[in-house]
Amino acid sequence: MKRIEVEGVRIAFHDHGTGLPVLLLHGFPLSSESFRPQLDALAAKVRLIVPDHRGFGESGPPGAEATEMGRIARDALAVLDALGIHRAVVGGVSMGGYAAMAMLREDAGRVAGLILIDTQAAADDEAGKARRADTAKAVEARGAQALVDAMLSKLVSDACDPAVRAGLEAMIRAQSPQGCVAAVRGMALRPESFDVLARFAGPSLVVVGEKDAITPPAKAREMAKLLQGSKLVEIPRAGHLANLEAPAAFNAAAESFLASLPASLVSG
Ligand code: MLT
């Protein structure tokens with residue numbers, strides 16, 4: 001992986017392939033490894049840039065403050081700056097989708113196209129914020145195991161390949177409690193993003209697993225309705241991490257979307 005420093009924090013990222021730059025933002029409580037099936041297949045067609053968010057994977061720990069979604073977006077923009085890339089197609093899974101929407105709010109001119117995967121435009125309601133506070137406390141007490149116990153069964157469907165589930169469990173266990181707590185607090189602070197989606201004029205793809213138990217298909221339909229001319233793909237039998245659980249179907253949808261984009265999209 002390559003590395004840069006952003007305001008004193010190490011941000012590690014994959015930069016694989018050539019051609020159309022596609023930035024992929026991972027979900028919680030995971031790392032860039034959750035895009036392994038895309039790194040292995042899609043980097044033959046496009047340039048994939050996949051950071052570990054601060055506090056996750058090989059990136060450095062966050063400070064004492066919450067990792068807000070705008071912070072993740074600015075770190076990712078700093079990665080694009082370091083690579084000399086002005087505009088990229090930006091994709092995000094779940095929390096990564098929240099960060100992609102935060103990027104639209106930060107600087108929509110950097111987003112040439114959008115891929116929203118198993119995510120939602122809504123903010124947390126009061127009950128959701130209270131659940132985040134409980135989750136943060138549980139992680140402080142018991143580490144990432146608390147997230148394995150609370151989330152693993154919701155991240156993938158019952159039909160998930162046991163090897164994929166085991167890999168996911170190991171990935172969650174490998175994350176630092178400090179990074180997870182900061183991100184949980186950051187997710188609770190995010191504003192709703194219906195407005196930024198309605199304003200986005202570029203091409204977009206919305207993907208959701210049919211069995212997504214965290215951000216179900218109704219959330220995806222809501223976003224697709226707001227995005228002008230977007231394409232919505234529902235992946236049969238897949239859960240919340242459709243790109244990891246059903247990589248062939250996900251990659252086919254992403255490849256067909258990316259192949260439809262003109263090369264001129266990223267210039268200017
Ligand atoms: C994720 O998959 O990134 C999280 O489940 C998102 C969330 O908790 O809202």
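For reference, positions follow the sequence shown, starting with 1. Here the structure is a predicted model, which means the values were calculated and not measured. Atoms within a ligand are numbered from 1 in the order they appear, just like the ligands themselves.
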Legend entry - Where Arg132 and Ala188 come nearest, the two heavy atoms and their spacing: CG-CB, 3.8 Å
Legend entry - Selection residues 46-71 - residue pairs positive for ring pair (Phe, Tyr, Trp, His ring centres under 6.0 Å), sequence neighbours left out: His26-His53, His26-Phe56
Inset, instruction - Among residues two or more places apart or on two chains, list those pairs meeting side chain to side chain donor-acceptor pair (under 3.5 Å) that have a residue in residues 206-220. - result: Gln120-Lys219, Asp212-Thr215, Asp212-His240, Thr215-His240
Legend entry - For the student: nearest non-hydrogen atoms of Ile172 and Ala144, plus distance: O-CB, 3.3 Å
Legend entry - Shell of residues surrounding ligand 1, defined by a 4.0 angstrom heavy-atom cut-off that is strict: Gly27, Phe28, Ser94, Met95, Tyr98, Arg132, Met151, Met187, Ile214, His240
Identify each donor-acceptor pair in which a side-chain atom of residues 230-239 lies under 3.5 Å from a protein atom, sequence neighbours left out, and give them as a table.
{"from": "Ser230", "atom 1": "OG", "to": "Ala224", "atom 2": "O", "distance (Å)": "3.0"}

Legend entry - Within 6.0 Å of NZ in Lys137, more than 12 heavy atoms from elsewhere: no
